[in-house]
Amino acid sequence: DSAAKLDATYWIGLLKFDVGDFTTSADWLARPELSASNSPWASGARYNLARALEAQGKFAEAIAILNADNSPQQHGNRLRALSLQSRVETADKPAP
């Protein structure tokens, strides 16, 4: 059943995130079937993919995903993107 496979794909991505395997988590959460317009997991997959990328230090990629979101959680995602951007800018500043 394709719905069960889609559900399993999403949950494997989340489980991998929970155990700290962020690279594998991102691989699962980036699968195109999860972000398809008819996927019930599209919004969650994008958010959690951004979190997995963030955990890997791939801040620019995470910020881009969060800013591109147009789901009902877009405002929260943009706030998270701003927070990440602030962290990146702070880390890039030379010490006085």
Side-chain angles (χ1 to χ4, degrees):
D1 179 61
S2 63
K5 287 180 184 178
L6 190 65
D7 294 347
T9 299
Y10 181 70
W11 288 106
I12 290 170
L14 289 183
L15 289 169
K16 288 297 184 179
F17 185 91
D18 284 347
V19 299
D21 187 351
F22 304 117
T23 301
T24 304
S25 174
D27 289 344
W28 281 97
L29 294 168
R31 294 177 64 106
E33 62 269 24
L34 285 179
S35 60
S37 62
N38 63 341
S39 169
W41 300 114
S43 298
R46 281 190 300 272
Y47 172 76
N48 287 296
L49 171 59
R51 294 298 309 271
L53 292 169
E54 174 189 344
Q56 295 176 68
K58 298 178 179 179
F59 299 115
E61 291 177 58
I63 290 167
I65 289 169
L66 293 167
N67 279 328
D69 186 45
N70 61 0
S71 74
Q73 66 190 40
Q74 67 183 331
H75 300 294
N77 286 350
R78 289 201 175 91
L79 287 173
R80 180 142 197 98
L82 285 171
S83 175
L84 285 175
Q85 186 62 48
S86 177
R87 279 178 42 197
V88 168
E89 290 169 0
T90 301
D92 288 345
K93 284 185 181 177

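Numbers here simply count residues along the sequence, with the first being 1. Computed from a prediction, not measured in an experiment: that's the story for all the values here.
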Asks: Side-chain donor-acceptor contacts of residues 6-13 below 3.5 Å, not counting sequence neighbours, with atom names and distances?
Replies:
unit_1: D7; atom_1: OD1; unit_2: W41; atom_2: NE1; d: 2.8
unit_1: T9; atom_1: OG1; unit_2: K5; atom_2: O; d: 2.8
unit_1: Y10; atom_1: OH; unit_2: N48; atom_2: ND2; d: 3.2

Asks: Tell me, which pairs form a salt bridge (charged side-chain N to carboxylate O under 4.0 Å, His left out) where one or both residues lie in residues 69-78, sequence neighbours left out?
Replies: R46-D69
Asks: Flag yes if V88 and L66 sit in one hydrophobic cluster, no otherwise; membership is Ile, Leu, Val, Met, Phe, Trp, Tyr, and two members link when side-chain heavy atoms are under 4.5 Å apart.
Replies: yes
Asks: Linking I/L/V/M/F/W/Y whenever any side-chain heavy atoms sit under 4.5 Å apart, do L14 and I65 land together?
Replies: yes
Asks: What pair of heavy atoms forms the shortest contact from A36 to A42, and how long is it?
Replies: O-CB, 3.8 Å
Asks: So which heavy atom on L84 is nearest to which on A62, and how close?
Replies: CD1-CB, 4.1 Å
Asks: Would you call L53 and L49 a side-chain contact if the rule is heavy atoms closer than 4.5 Å?
Replies: yes
Asks: To the nearest 0.5 Å, what is the distance between OG (S43) and CG (N77)?
Replies: 8.0 Å
Asks: F17: which other cluster members, linking ILVMFWY side chains closer than 4.5 Å, directly or transitively?
Replies: F22
Asks: Between A81 and I63, which heavy-atom pair has the shortest distance, and what is it?
Replies: O-CG1, 3.9 Å
Asks: Main chain of L82, side chain of S86: is a donor-acceptor contact present, judged purely on distance under 3.5 Å?
Replies: no
Asks: Before you tell me yes or no, could you show the steps for Q56 and E61 under side chain to side chain contact (heavy atoms under 4.5 Å, CB included), namely the whole-Å CA-CA distance, both residues' side-chain angles and the distance that decides it to 0.1 Å?
Replies: CA-CA 10 Å; Q56 295 176 68; E61 291 177 58; over 6 Å; no
Asks: In Å, rounded to the nearest 0.5 Å, how long is the span from CD of Q73 to CG of L79?
Replies: 12.0 Å
Asks: How long is the span from the OG atom in S39 to the CZ atom in R31, to the nearest 0.5 Å?
Replies: 12.0 Å
